[in-house]
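Note sheet for the following structure.
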Amino acid sequence: MSGNTITRPATPTAATVAAVPAGAADRPLTQSRAARELSLKRSELDLAVHLGCVRTVPDEGGGGRRVARSEIDRLRAEEGFPQTLRARVEAVGSKDAAAILEVAPTRFVRLARLGLVTPVKFYLNRYRAVVWLYLAEELRRFAADENNAPWLTGRLPQELRTQLDNGLDLRPRNWRGRHLGFLLRQAEDPWARAAAPASLLDPVHLAEIVRDPYERAHLNRHRPARTDQGPPDSPAARLTGTIMTADDPDEIEWLRADLRQALVEARAHRLAPRPRRKEPAPRPARSVRRPANRPETPGPASEKRHGLLGWLTRRHP
């Protein structure tokens with residue numbers, strides 16, 4: 001896949017530099033070009049942007065976000081580049097994560113379901129099974145913390161084992177919390193900040209908070225794109241939508257409260273646009289003009305008048 005292809009930055013030649021237009025060196029780079037400049041895969045750059053390791057700027061032409069040249073220079077000047085940057089965005093699956101913690105894969109999954117470690121991303125494999133990925137750097141810090149030793153070697157409390165047997169799984173909720181933080185970091189408009197918690201609520205809860213249809217439409221315009229796989233009505237898209245929609249009562253109430261506060265700030269900044277009513281144009285007054293030198297059409301009144309005068313004339317010469 002193109003997103004996982006490793007590319008090596010090419011050394012610019014004198015002819016290449018001469019061909020660059022004046023001022024092009026200061027223009028923000030596309031994310032694909034920035035990945036090559038930073039010796040990262042495109043998927044690694046996307047994760048670096050999500051984590052805040054690489055700062056982006058909006059594209060003035062509306063073509064998505066870009067990376068400023070100064071940001072590229074800052075990262076390339078760090079000690080140990082590019083290994084240090086790659087280490088910060090290294091994401092591993094459950095098997096490799098268990099190896100980092102030196103526990104069995106089944107035990108690691110139980111720790112993840114309890115919420116002790118938080119996924120950083122997910123994808124669906126060809127069997128439409130959810131594959132969670134974790135930051136290797138966070139796992140190493142978790143293993144190095146002596147306070148976490150009982151979770152790695154000791155027996156889990158009976159209460160937690162009972163919850164796991166009943167289906168407890170905090171991985172989707174913890175991922176949504178992390179994803180919300182990313183959306184808020186990228187939002188540069190109050191309505192975009194309000195759209196961040198709104199994107200994690202189902203339409204019913206959203207309609208209860210945002211009753212104005214024009215405000216809901218405005219939020220939808222700022223709604224971040226979902227990473228759905230396949231057509232909107234496909235099983236993969238429905239499964240992805242389920243993961244990206246809050247289902248825990250406490251989480252839902254928390255998101256609703258965030259949305260209410262964000263809406264207050266967004267309305268104070270700018271009201272949602274609504275269509276203007278078109279006033280009907282005034283109809284011009286129509287004046288009926290009689291054509292010049294048009295003979296008067298004789299009618300009953302004129303005929304009666306001429307008949308009386310004729311009778312008087314005949315009787316009184």
Decide whether [X] and [Y] are clustered together by the hydrophobic rule: side chain heavy atoms of Ile, Leu, Val, Met, Phe, Trp, Tyr closer than 4.5 Å, transitively.
X    : Y    : answer
F81  : L40  : yes
L271 : V210 : no
Y214 : L219 : no
V57  : L45  : no
F142 : L160 : yes

request  = Would you mind checking if K121 and D46 are paired as a salt bridge, meaning a charged N to carboxylate O distance below 4.0 Å?
outcome  =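 No.
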
ask   = Should D145 and R141 count as an ion pair when the cut-off is N to O under 4.0 Å?
value = no

Within this structure, what is the [atom1]-[atom2] distance for the pair [X] and [Y], rounded to the nearest 0.5 Å?
X    : Y    : atom1 : atom2 : result
I72  : R36  : CD1   : CZ    : 11.0 Å
Q83  : R86  : CD    : CZ    : 6.5 Å
S94  : L111 : OG    : CG    : 11.0 Å
L259 : W254 : CG    : CH2   : 12.5 Å
L201 : D247 : CG    : CG    : 11.5 Å
L156 : R161 : CG    : CZ    : 7.0 Å

Just so I know, are the side chains of [X] and [Y] near enough to count as touching, which here means a heavy-atom distance under 4.5 Å?
X    : Y    : result
E79  : T84  : no
I100 : E138 : no
Q186 : T56  : yes
N148 : L101 : no
V204 : E208 : yes
E44  : P82  : no
L51  : L135 : yes
E215 : W191 : yes

request  = List the steps and the verdict of salt bridge (Lys or Arg N to Asp or Glu O under 4.0 Å) for E78 and R74.
outcome  = CA-CA 7 Å; E78 290 183 349; R74 180 187 70 84; 3.5 Å; yes

State, to 0.1 Å, how close [X] and [Y] come at their nearest heavy-atom pair, and which atoms those are.
X    : Y    : value
A97  : F108 : CB-CZ, 3.3 Å
A87  : E137 : O-CB, 4.1 Å
A198 : R223 : O-NH1, 3.9 Å
A143 : L152 : CA-CD1, 4.3 Å
A195 : P224 : O-CD, 4.1 Å
R128 : P235 : NE-CB, 3.6 Å

key: Derivation of the side chain to side chain contact (heavy atoms under 4.5 Å, CB included) call for W132 and I243   = CA-CA 11 Å; W132 296 100; I243 295 175; 3.8 Å; yes

inquiry  = Assess the residue pair D189 and H269 against the criterion (side chain to side chain contact (heavy atoms under 4.5 Å, CB included)); give the C-alpha distance rounded to whole Å, side-chain angles, the decisive distance to 0.1 Å, and a yes or no.
reply    = CA-CA 9 Å; D189 180 90; H269 173 72; 3.9 Å; yes

Output yes when a side-chain donor or acceptor of [X] lies under 3.5 Å from a complementary backbone atom of [Y], and no otherwise.
X    : Y    : value
R193 : A262 : no
R65  : D59  : no
R66  : P28  : yes

inquiry  = Which residue is it: D169, L170, L168? I am looking for the one with a side chain to side chain contact (heavy atoms under 4.5 Å, CB included) to L114.
reply    =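 Answer to the side chain to side chain contact (heavy atoms under 4.5 Å, CB included) test with L114 among D169, L170, L168: L168.
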
request  = With V120 as reference, evaluate L47, N174, V89, V92 under the side chain to side chain contact (heavy atoms under 4.5 Å, CB included) test and give the passing residue.
outcome  = L47

query = Under 3.5 Å, is there a donor-acceptor pair linking the side chains of R176 and H179?
reply =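 Side-chain D/A pair, R176 to H179: absent.
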
inquiry  = Are more than 12 heavy atoms, taken from residues, nucleotides or ligands other than Q158, located less than 6.0 Å from that residue's CD atom?
reply    = yes

Verdict with reasoning, Y134 to D96, per side chain to side chain contact (heavy atoms under 4.5 Å, CB included) = CA-CA 9 Å; Y134 307 84; D96 293 334; over 6 Å; no

ask   = Can you check side chain to side chain contact (heavy atoms under 4.5 Å, CB included) on W151 and V103, steps first, answer last?
value = CA-CA 10 Å; W151 296 109; V103 297; over 6 Å; no

